[in-house]
Amino acid sequence: MSNSSSMHEDIEEILISEPVLQARIAALAEAIQEDYAGRQVLLVGILRGAMMFMADLARRLDMPLEMDFMAISSYGSATESSGVVRILKDLDTSIEGRHLLIVEDIIDSGLTLRYLTENLARRNPASISVCALLDKVKAHGDDIIQPQYTGFSIPSRFVVGYGLDYAQKYRNLPYIGVLKPSVYTE
């Protein structure tokens, strides 16, 4: 982050505003609630990026649900996926026979999502679905696991805000913004 007093000054462009984000989350919650009618779902949030999204999504779901979290690493502090995926924090809950909804902040290369769904499938859940706030479709093409619920398809640009970070900063921005390249190339 630059030496400026405002994180907003490091943003080149607001890609998705707070009102647009919240409206889309409401629509996603409505679709999820309809699809999971009569079933209890376990939301599996992928830390840290999905934290804001999952909290807002869960508050909009008027249905029985549980929540658990995993921490997966494939980035470090870099702006591109390292291609190596590791579980840093596993689930505390048994998922055998449960309906899982993985809540992900962003699908970039698709490697993390593929690893995660294969890992969880070996634990015998009743079902696994994915809800991703952002999908960089052109970054990964069509050969990855497609999310059942997608907030927004975005261009392959480096975005921060609403849980997404650069070097652990900018997560608390209420919108999705494109970070100025000068911030991460300095």
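Just the heavy atoms: all of them, side chains too, but no hydrogens, waters or symmetry mates, feed the values below. Bear in mind that the values here come from a model prediction, so they are computed numbers and not experimental data. One-based numbering along the sequence shown.
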Report summary line: I128 and I102 have their tightest heavy-atom pair at CG2-CD1, 3.7 Å
Query raised in the report: side-chain contact (heavy atoms from CB on, under 4.5 Å) with A55: which residues, sequence neighbours excluded?
Result: R59
Report summary line: Here the gap from F53 atom CZ to D105 atom CG, rounded to the nearest 0.5 Å, amounts to 9.5 Å
Requested in this report: Evaluate whether atom CD of E30 has more than 12 neighbouring non-hydrogen atoms of other residues, nucleotides or ligands under 6.0 angstrom away.
Outcome: no
**Report entry** Inter-residue atom distance D56.CG - R24.CZ, 0.5 Å rounding
**Finding:** 14.5 Å
Query raised in the report: Can you name the nearest heavy-atom pair linking L61 to A29, along with the distance?
Result: CD2-O, 3.4 Å
Query raised in the report: Roughly how far apart are Y162 OH and L173 CG, rounded to 0.5 Å?
Result: 12.5 Å
Query - Residues which pass side-chain hydrogen bond (donor to acceptor under 3.5 Å, both in side chains) with D90, listed by chain and number, not counting sequence neighbours - result: R123
**Report entry** side-chain hydrogen bond (donor to acceptor under 3.5 Å, both in side chains) against S153, all qualifying residues, sequence neighbours excluded
**Finding:** none
Report task. Could you tell me which non-hydrogen atom of L15 sits nearest to which non-hydrogen atom of P155, and how far apart they are? Result -> CD2-CD, 4.4 Å
Query raised in the report: Among all residues two or more places apart in sequence or in another chain, which pass the ring-ring contact (aromatic ring centres under 6.0 Å, His included) test with Y175?
Result: H8
Report task. List in chain and number order the residues that pass side-chain contact (heavy atoms from CB on, under 4.5 Å) with E96, two or more places apart in sequence or in another chain; answer none if no residue qualifies. Result -> S94, N124
Query raised in the report: Rounded to the nearest 0.5 Å, what separation is found between the CD1 atom of I106 and the CG atom of L134?
Result: 5.0 Å
Report task. Output all residues satisfying side-chain contact (heavy atoms from CB on, under 4.5 Å) with E12, sequence neighbours left out; order by chain, then residue number. Result -> R157, V178, K180, P181
Query raised in the report: Which value, rounded to the nearest 0.5 Å, describes the distance between L91 atom CG and D68 atom CG?
Result: 4.5 Å
Query raised in the report: R39: what forms a side-chain contact (heavy atoms from CB on, under 4.5 Å) with it, not counting sequence neighbours?
Result: Y36, H99, S127
Query raised in the report: With sequence neighbours excluded, what pairs up with E66 under the salt bridge (Lys or Arg N to Asp or Glu O under 4.0 Å) test?
Result: R98
Query raised in the report: Strictly by modelled atom types, are Q33 and R60 linked by a side-chain donor-acceptor pair under 3.5 Å?
Result: no
Report summary line: Separation between CG (L42) and CG (L100), nearest 0.5 Å, reads 5.5 Å
Query - Partner set under salt bridge (Lys or Arg N to Asp or Glu O under 4.0 Å) for D92, not counting sequence neighbours - result: K89
Report task. Provide the closest heavy-atom pair for G177 versus I11 in the form atom of the first, atom of the second, distance. Result -> CA-CG2, 4.0 Å
